[in-house]
Amino acid sequence: MAVKSVRRRVGIFGGAFDPPHSGHVALAQAAVAQLRLDELRILPTGQAWHKARVLTEGHQRVAMAELAFGDVPRVILDTREVRRPGPTYTIDTLREVQREQPGAQLLLVIGADQAEALHTWQDAREIPRIAILSIAARARPVSDAPPADISRLPPGFYQPIDLPPFSVSSTEIRARVAAGQPIEGLVTPAVARYIAEHSLYQRTNVPRLDE
Ligand code: ATP
């Protein structure tokens, strides 16, 4: 009897994860379940070219990602971008994983804000040729902001990930910590402990929260 070969489904979820928060974890869980992934590679970025500020050290963001995503099934923490010298581009990672796992179906997991900016990424038009774009809604900082404009995506195949909008962002968490405000519920308890033990986000140059 002929055995039907099934393509391995490999999710790629990159982010600064500075720090990883409950929106990231919810997105990872939804992606694994809805996209029927065999593995979800979590990739903390290097000093990403599109982030204006200097990120927390890579090894600390990796440690927090381990704590945040450790209980999500099928997750693999992939540290290649943190270790890569120079600017780090998603397209390079996709090409590498494609070489490592020939025949696998790659799925790039991103929030709607990143999806809208995708046309500005390195080799943007190449990305949908390598990976299915898998896009989750993201709550808007301004409630009457328009919905994600998918017409700006490079042409190719994309699919939505169903996720109730979580308004949390890493920016908000850094600001809360700097202002001495609680972050319970916004990050996992283990990540909150790590932030406290390593005195992260205490600097005075992070944006303030107006409350
Ligand atoms: P910052 O506030 O520092 O810009 P961030 O909260 O946007 O950080 P990133 O690490 O830049 O977090 O995000 C990694 C990925 O997770 C991106 O694709 C982003 O769109 C997505 N993402 C982040 N927060 C959410 C959220 N609350 N809901 C859905 N997707 C999210």
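Side chains are part of it too, since the values below use all heavy atoms of this structure and drop only hydrogens, waters and symmetry mates. Read the numbers this way: they start at 1 and go in the same order the structure lists the ligands and their atoms.
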Which of the numbered atoms in ligand 1 are below 4.0 angstrom from a heavy atom of L27?
30 (N)
Would you say ligand 1 has an N or O under 3.5 Å from any N or O of A112?
no
Here the atoms of ligand 1 under 4.0 Å from any heavy atom belonging to F13 are 15 (C), 16 (O)
As a quick check of understanding, evaluate salt bridge (charged side-chain N to carboxylate O under 4.0 Å, His left out) for E39 and R9, giving each step before the final call.
CA-CA 7 Å; E39 67 182 57; R9 295 172 67 80; over 6 Å; no
Please classify the A136 to ligand 1 contact at 4.0 Å (heavy-atom distances, strictly less than): side chain, backbone, both or neither.
neither
Under a 3.5 Å cutoff, is there a donor and acceptor pairing between the side chains of T93 and R84?
yes
List every atom of ligand 1 that sits less than 4.0 Å from any heavy atom of V168, numbering the atoms from 1 in the order shown and giving each element.
27 (N)
Is there a polar contact, in the sense of an N or O pair closer than 3.5 Å, between D113 and ligand 1?
yes
Where ligand 1 meets R174 - atom numbers and elements under 4.0 angstrom, heavy-atom basis:
3 (O)
Are side-chain N/O atoms of Q101 and E96 paired as donor and acceptor at under 3.5 Å?
no
Within ligand 1, which atoms have a heavy atom of T171 less than 4.0 Å away?
1 (P), 2 (O), 3 (O), 4 (O)
Can you tell me how far the NE2 atom of H24 sits from the OG1 atom of T188, to the nearest 0.5 Å?
12.5 Å
Any idea which of G14, A137, P20 brings a heavy atom closest to atom 29 (C) of ligand 1?
A137
Under 3.5 Å between any N/O of L163 and any N/O of ligand 1: does that happen in this structure?
no
Is the closest side-chain heavy-atom distance between V177 and L200 below 4.5 Å?
no
Could you tell me whether the side chain of T90 reaches within less than 4.5 Å of the side chain of W121, counting heavy atoms only?
yes
Using heavy-atom distances, let me know which of H21, Q114, H24 sits nearest atom 16 (O) of ligand 1.
H24
Is there side-chain contact between I183 and H21, with heavy atoms separated by less than 4.5 Å?
no
Under 4.0 Å from a heavy atom of F17: which atoms of ligand 1 are those, numbered in the order shown and with their elements?
10 (O)
Nitrogen or oxygen of S170 less than 3.5 angstrom from that of ligand 1:
yes
Taking atom CZ of R80 and atom CG of L43, what is their separation to the nearest 0.5 Å?
6.5 Å
If you measure every N/O of A16 against every N/O of ligand 1, is any gap under 3.5 Å?
yes
Check ion pair R95-E100 (N to O, under 4.0 angstrom)
no
Give the atoms of ligand 1, by number and element, whose distance to some non-hydrogen atom of G15 is under 4.0 Å.
10 (O), 14 (C)
Distance-only polar pair, side chains of D18 and T56, donor-acceptor under 3.5 Å:
yes
